[in-house]
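The first residue in the sequence is number 1, and the count goes up from there.
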Amino acid sequence: MEKFDTIIIGAGPGGLAAAYDLSGAGQNVAVIENNLWGGTCPNRGCDPKKVLIGAVEARDRMVQLQGKGFGDVPYVNWTDLEKFKETFTDPVSDSSKKGAIDAGITTIDGEPKFVSDKEVSVNEVTYQADHFIIATGQRPSYLDVRGKENLLSSTDFLSLKQMPKEVTIIGAGYIAFELATIANATGAKVHVVHHNDHPLKAFNEKYALELVKQLENKGVEFHFNIDTKEIAKSGDKFILKADNFELSSDIVIGATGRIPNVDYLDLDKAGVKVDRHGVVVNKQLQSSNERIFAIGDVVSTKAPKLTPVAGFEASYVSDVILQKTTSDIKLPLIPTVVYGSPKLAQVSEQTGSKVVDQDVTKWFTYSHTNEPKAKVRIVLNDQSQIIGATLLSNEADSLINLLTKAIEQKMTHEDVTKEILAYPTAGSDLEYLI
């Protein structure tokens, strides 16, 4: 039986980051992967999505400047864009695995199952380790309705070779909004169906509804308070059925959440507790079996399921295993972004002693590209320190990072006015936003 210091299950950004940290410190490390090396983010998640969104952003700028330097604006050519996306995604798995091998990390392909609290079996071979890190991530969940086999996932969407003329997306979380934004830019007729009237529930409601309005202005149709009962197939069409409601389209995408990849691991044999959100951990990311840790999207915590969070947790767990720290994990502020059209970004508190909402559409930062809508919310405490922000604009993803640092440094309006930032940029507007 081959024995390792640490075995990592899952070769995504978190799992590989931990593997490199531990191997670099002299540990004998193995990584087990049952699918694509590199994980969801670079293969079928944030990276390919960003490639597609890049084309949407280019088109948006031309549409905004139509008649102000541009004439007719074409729709995004999905086939060409998909081929371009594949130049990024196709090499990922092989290069990720090769990088691990070159670093002296043992790589194992196959589906792992725990056979005891310190042993795991892959392809009928048993491996032992002093520590394990579970970094298996999540996968799309599907509505439990009649005809659920007719649903496609976000992974399927990102791999479409042709964009259909009419697309229905079930759900109103960030994935639904991003897929709707992308499909709309190709000229597809897009429907978003949601069971209540609260889209993007983790975001400020007014700003979420403003994003809905901006996408409606681009032709996306939202159908709220529709509780899907069935997805029926009729010829080449798919019919979404609910009480007193039917909607026909070429494909139906389920974007109703994700579930942790824990069901195939036989974690009960290792004494690891799980709940519907994933592996239950303590403040040092240890499971109920102290030799087994969990990081990233598979962890049952309230931390946002984001790639940078997985990387942060990987570094922390590596330090715990290497006995470099005994402190509990403390995550920094985590900004989140919906890559819609425009983008919606948010960080930290949304209530405080003072809340400043500003429509900045006519400010030069946004008017020089003729943005249709730009809004900023800044939240202050009783000491006039910035404690939260919500942004809706094409610049939201970059500006939210500046505001995150301002919050971490407990900056006041006076502190901000003492900074000199490149002008004219969204960052240089900071002193006027409070």
Side-chain angles (χ1 to χ4, degrees), residues 13 40-64 75-76 78 81-82 84-85 88-89 138 140 153-160 163 167 169 171-186 188 190 192 194 199-204 207-220 222 253 255 257-258 297 304-310 334-347 366 369 371-376 389-404 426:
T40 294
C41 181
N43 282 291
R44 50 183 175 236
C46 37
D47 287 359
K49 177 192 69 182
K50 183 67 172 177
V51 176
L52 304 179
I53 287 291
V56 176
E57 293 171 338
R59 183 177 187 274
D60 279 350
R61 286 296 180 98
M62 288 191 288
V63 170
Q64 290 167 198
Y75 286 111
V76 171
W78 176 262
L81 181 59
E82 177 68 13
F84 179 55
K85 182 217 75 176
F88 293 91
T89 56
Q138 296 181 323
S153 69
S154 57
T155 300
D156 298 320
F157 177 94
L158 293 176
S159 299
L160 290 171
M163 181 62 66
V167 176
I169 301 169
Y174 74 94
I175 293 176
F177 273 76
E178 291 169 348
L179 300 188
T181 296
I182 294 166
N184 172 257
T186 70
V190 180
V192 176
H194 192 47
L200 297 169
K201 63 182 180 180
F203 286 80
N204 178 275
Y207 282 69
L209 291 176
E210 182 62 50
L211 178 55
V212 168
K213 181 179 178 181
Q214 293 306 310
L215 288 176
E216 286 178 333
N217 291 342
K218 290 178 167 67
V220 177
F222 287 83
I253 305 292
R258 296 173 69 80
D297 292 1
K305 307 303 184 184
L306 302 171
T307 298
V309 175
I334 304 169
T336 54
V337 181
V338 179
Y339 285 92
S341 178
K343 300 163 193 161
L344 177 62
Q346 185 169 288
V347 65
Y366 308 98
T369 56
E371 280 199 41
K373 181 60 67 175
K375 298 180 68 175
V376 176
T390 301
L391 313 172
L392 181 75
S393 73
N394 289 344
E395 307 292 336
D397 56 337
S398 57
L399 185 56
I400 199 67
N401 286 328
L402 284 177
L403 283 162
T404 299

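- Applying the side chain to side chain donor-acceptor pair (under 3.5 Å) test to Tyr207 and every residue at least two apart in sequence or in another chain returns Asp357.
- By the salt bridge (charged side-chain N to carboxylate O under 4.0 Å, His left out) test, Lys213 is found to be paired with no residue, residues two or more places apart in sequence or in another chain being considered.
- Listed for the Lys85 side chain is a donor-acceptor partner under 3.5 Å among the backbone atoms of Leu158.
- When all heavy atoms of Ser341 and Leu215 are compared, the pair lying nearest together is O-CD2, 3.7 Å.
- Applying the side chain to side chain donor-acceptor pair (under 3.5 Å) criterion to Asn43, with sequence neighbours excluded, gives no partner residue.
- Residues Val190 and Ala183 approach most closely at CG2-CB, 3.7 Å, considering heavy atoms.
- In this structure, Lys343 contributes its side chain and Asn394 its backbone to a donor-acceptor pair below 3.5 Å.
- The side-chain contact (heavy atoms from CB on, under 4.5 Å) search around Phe84 returns Val51, Leu81, Thr87, Phe88, not counting sequence neighbours.
- How far CD1 of Ile400 is from OG of Ser398: 10.0 Å, rounded to the nearest 0.5 Å.
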If you apply the rule side chain to side chain contact (heavy atoms under 4.5 Å, CB included), what do you find for Glu57 with Lys50, and how did you get there? CA-CA 10 Å; Glu57 293 171 338; Lys50 183 67 172 177; 4.2 Å; yes

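- The shortest side-chain heavy-atom distance between Gln64 and Pro372 falls under the 4.5 Å cut-off.
- Closest non-hydrogen pair, Ala180 versus Val192, comes out as CB-CG2, 3.9 Å.
- Scanning all heavy atoms of the two residues, the minimum distance from Cys41 to Pro48 falls at O-CD, 3.3 Å.
- Considering Leu392, Thr181, Leu200 in turn, Leu200 is the only one that fulfils the side chain to side chain contact (heavy atoms under 4.5 Å, CB included) rule with Val338.
- Taken to the nearest 0.5 Å, the CG atom of Leu179 stands 9.5 Å off from the CG atom of Leu160.
- Atom OH of Tyr75 and atom CG of Asn184 lie 7.5 Å apart (nearest 0.5 Å).
- Here Ala255 pairs with Ile169, Ile175, Ala176 under the side-chain contact (heavy atoms from CB on, under 4.5 Å) rule; sequence neighbours left out.
- Residues forming a salt bridge (charged side-chain N to carboxylate O under 4.0 Å, His left out) with Lys375 (at least two apart in sequence, or on another chain): none.
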Residues Val212, Phe177; criterion side chain to side chain contact (heavy atoms under 4.5 Å, CB included); working and verdict: CA-CA 9 Å; Val212 168; Phe177 273 76; 3.7 Å; yes

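- Pro13 and Pro42 get closest at one heavy-atom pair: CG-CD, 4.3 Å.
- Residues forming a side-chain contact (heavy atoms from CB on, under 4.5 Å) with Thr40 (at least two apart in sequence, or on another chain): Arg44, Arg258.
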Test Leu403 against Leu391 for side chain to side chain contact (heavy atoms under 4.5 Å, CB included), laying out the working first. CA-CA 10 Å; Leu403 283 162; Leu391 313 172; 3.8 Å; yes

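- Note: Thr404 OG1 to Leu399 CG = 9.5 Å, rounded to the nearest 0.5 Å.
- In terms of the side chain to side chain donor-acceptor pair (under 3.5 Å) criterion, residue partners of Thr390 (sequence neighbours excluded) are, by chain and number, Gln346, Gln350.
- Under the salt bridge (charged side-chain N to carboxylate O under 4.0 Å, His left out) criterion, Asp60 pairs with no residue, sequence neighbours left out.
- In terms of the salt bridge (charged side-chain N to carboxylate O under 4.0 Å, His left out) criterion, Glu371 has no residue partners (sequence neighbours excluded).
- By the side chain to side chain donor-acceptor pair (under 3.5 Å) test, Asn401 pairs with no residue at all, sequence neighbours left out.
- Scanning both residues, Phe157 and Trp78, for their nearest heavy atoms gives O-CZ2, 3.7 Å.
- Looking at Phe222 and His194, their side chains never come closer than 4.5 Å, going by heavy atoms from C-beta outward.
- For Leu306, the side-chain contact (heavy atoms from CB on, under 4.5 Å) partners two or more places apart in sequence, or in a different chain, are Pro304, Pro308, Val309, Ile334, Thr336.
- With respect to the salt-bridge test (charged N to carboxylate O, under 4.0 angstrom), the residues Glu210 and Lys373 do not qualify.
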